[in-house]
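Before any comments, here is the structure.
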Amino acid sequence: MSVEVERKFVCDADIQKTLEGIGAVCLGQRQFHDQYFDTPDFDLTLRDLWLRKRKGCWELKCPTTIVSRAEETHGEEPKEASLCTRYKEITSLPEIQLKVKQVLKSCLGGQIQCQPPERVIEDERNTATQEGSQDQRQPVINQDGPKTAETGSSEEEDSWLSKMNLVCFAEFTTVRCSFTLEEEGVQIDLDQADFGYHVGEIEVLVPEGEDVGSALEKIEKTAQKLGLTGDQRVEGKMTVYLKRYCTEQYAKLLSAHIL
């Protein structure tokens with residue numbers, strides 16, 4: 001499993017020319033539809049866990065506490081690290097169901113008292129069933145955000161969602177144009193969401209257990225080549241979506257320092 005180290009940035013009108021100018025190679029353009037799920041009490045997102053369905057496949061983004069050697073040595077987060085996010089992504093549906101089940105079981109009376117999300121009980125993992133499939137969806141909560149609902153799912157396919165009281169709280173389509181700096185092992189994505197938000201992402205994948213310091217350096221080097229400035233994180237698509245269309249959830253995540 002890899003750790004995704006990523007820095008978002010504001011795209012200007014000349015970003016594609018700038019990318020070509022630094023030697024980035026265009027990988028093409030694609031479109032994908034995302035649906036995000038949580039309980040009505042936001043038990044997953046309040047733990048910085050993001051369950052989504054993209055192009056028929058399930059993914060669970062989990063926060064990671066992995067630090068660079070520089071952070072371990074100096075005991076503080078360098079500037080370039082503070083501008084980046086670090087998540088590992090689970091793509092096996094049985095593992096996703098197990099992780100979600102563990103979290104929800106330990107959420108009592110609205111108070112999250114779960115063990116750290118990185119800890120997975122091995123014997124439970126071994127007995128996890130293949131419940132569910134890779135083509136399920138839950139009806140979307142009535143809200144004002146843009147949505148393009150998928151069809152053709154059966155009640156049986158949706159059963160694991162309903163059993164865990166998971167509902168779709170966000171749904172949108174993104175057009176993504178991707179570039180790569182092959183020698184650096186860096187990918188740059190330019191995203192245009194259908195609710196009118198445009199954002200760029202510089203991403204480096206690091207094998208779990210390896211030092212993320214080199215990834216941070218690559219991202220910082222790429223940011224300098226692109227002429228990026230500023231010392232504040234740029235908002236991602238989900239943050240902007242929540243701010244516009246899910247104000248209660250946004251406020252709670254802000255208060256919990258998730259966003």
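Sequence positions, counted from 1, serve as the residue numbers for this chain.
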Which is it for T45 and Q249 under the side-chain hydrogen bond (donor to acceptor under 3.5 Å, both in side chains) test, yes or no, and what are the steps along the way? CA-CA 9 Å; T45 53; Q249 186 173 5; 3.1 Å; yes
Side chain to side chain contact (heavy atoms under 4.5 Å, CB included) assessment of L205 paired with V3: CA-CA 6 Å; L205 295 179; V3 174; over 6 Å; no
Take E6 and R86, measure what salt bridge (charged side-chain N to carboxylate O under 4.0 Å, His left out) needs, and give me the verdict at the end. CA-CA 7 Å; E6 182 180 280; R86 307 172 203 182; over 6 Å; no
Step-by-step side chain to side chain contact (heavy atoms under 4.5 Å, CB included) determination, L228 to R7: CA-CA 11 Å; L228 303 182; R7 174 176 171 176; 4.0 Å; yes
Using side chain to side chain contact (heavy atoms under 4.5 Å, CB included), reason through I219 and V186 one step at a time and then give a plain yes or no. CA-CA 7 Å; I219 290 174; V186 174; 5.7 Å; no
Does the pair C246 and Y241 meet the rule for a side chain to side chain contact (heavy atoms under 4.5 Å, CB included), with working shown? CA-CA 7 Å; C246 309; Y241 186 100; 4.0 Å; yes
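Between atom NE2 of residue H33 and atom CG of residue D194 there is a gap of 8.0 Å, rounded to the nearest 0.5 Å. Atom OG of S92 and atom NZ of K99 lie 12.0 Å apart (nearest 0.5 Å). Rounded to the nearest 0.5 angstrom, W50 CH2 and L60 CG are separated by 11.5 Å. For the atom pair NZ (K53) and CG (L161), the distance works out to 8.0 Å, reported to the nearest 0.5 Å. To the nearest 0.5 Å, the span separating CH2 on W58 from CD on Q35 amounts to 7.0 Å. In this structure, OG1 in T222 is found 12.0 Å from CD in E203, a value given to the nearest 0.5 Å.
Applying the side chain to side chain donor-acceptor pair (under 3.5 Å) test to T39 and every residue at least two apart in sequence or in another chain returns D43. Listed by chain and residue number, E4 satisfy the salt bridge (Lys or Arg N to Asp or Glu O under 4.0 Å) test with K61 (two or more places apart in sequence, or in another chain). Annotation: side chain to side chain contact (heavy atoms under 4.5 Å, CB included) contacts of L254 (sequence neighbours excluded): Y250, L259. Residues meeting the side chain to side chain contact (heavy atoms under 4.5 Å, CB included) test with N165, sequence neighbours left out: P40. Legend: residues meeting side chain to side chain donor-acceptor pair (under 3.5 Å) with E20, ordered by chain and number and at least two apart, are absent. Residues satisfying the side chain to side chain donor-acceptor pair (under 3.5 Å) criterion with Y197, sequence neighbours excluded, are absent altogether. Annotation: side chain to side chain contact (heavy atoms under 4.5 Å, CB included) contacts of A251 (sequence neighbours excluded): none. The side chain to side chain donor-acceptor pair (under 3.5 Å) check on E59 picks up R52, with sequence neighbours excluded.
Using a 4.5 Å heavy-atom threshold, the side chains of Q187 and S178 count as touching. For the pair I188/T180, no side-chain contact is recorded, criterion being any heavy-atom separation below 4.5 Å from C-beta on. Residues L44 and L104 form a side-chain contact, since some pair of their non-hydrogen atoms from C-beta on lies under 4.5 Å apart. In this structure, Q16 and F179 have side chains that are in contact, with non-hydrogen atoms separated by less than 4.5 Å. Counting heavy atoms from C-beta on, the side chains of Q192 and T174 never come closer than 4.5 Å. In this structure, the side chains of Y36 and C168 stay at 4.5 Å or more apart for every pair of heavy atoms. Contact of the F9 side chain with the I202 side chain is registered, since non-hydrogen atoms from C-beta on lie closer than 4.5 Å. The shortest distance between side-chain heavy atoms of W160 and L166 falls below 4.5 Å.
The minimum heavy-atom distance linking C11 with G200 is given by the pair SG-N, 3.3 Å. Across all their heavy atoms, G23 and L181 have their closest contact at C-CD2, 3.9 Å. Of all heavy-atom pairs between A215 and V204, the closest is CB-CG1, 3.7 Å. Here the shortest heavy-atom pairing between K225 and I22 reads O-CG2, 3.9 Å.
In terms of hydrophobic clustering, with Ile, Leu, Val, Met, Phe, Trp and Tyr side chains grouped at heavy-atom distances under 4.5 Å, F32 and F172 are assigned to different clusters. If you chain together hydrophobic residues whose side chains sit under 4.5 Å apart, V175 and L190 never meet in one group.
The salt bridge (Lys or Arg N to Asp or Glu O under 4.0 Å) contacts involving residues 172-185 comprise R176-D189, R176-D191, R176-E201, E184-K221, where partners must be two or more places apart or lie in separate chains. Applying the salt bridge (Lys or Arg N to Asp or Glu O under 4.0 Å) test to every pair with at least one member in residues 238-259, sequence neighbours left out, gives these pairs: E235-K243, E248-K252. For the salt bridge (Lys or Arg N to Asp or Glu O under 4.0 Å) condition, the pairs that include at least one residue of residues 22-38, sequence neighbours left out, are D34-R54.
Here the two rings, on F37 and F169, have centers that are 6.0 Å apart or farther.
D12 contributes a side-chain N or O that, together with a main-chain N or O of I15, makes up a donor-acceptor pair within less than 3.5 Å. In this structure, the side chain of R233 engages the main chain of C84 through a donor-acceptor pair within 3.5 Å.
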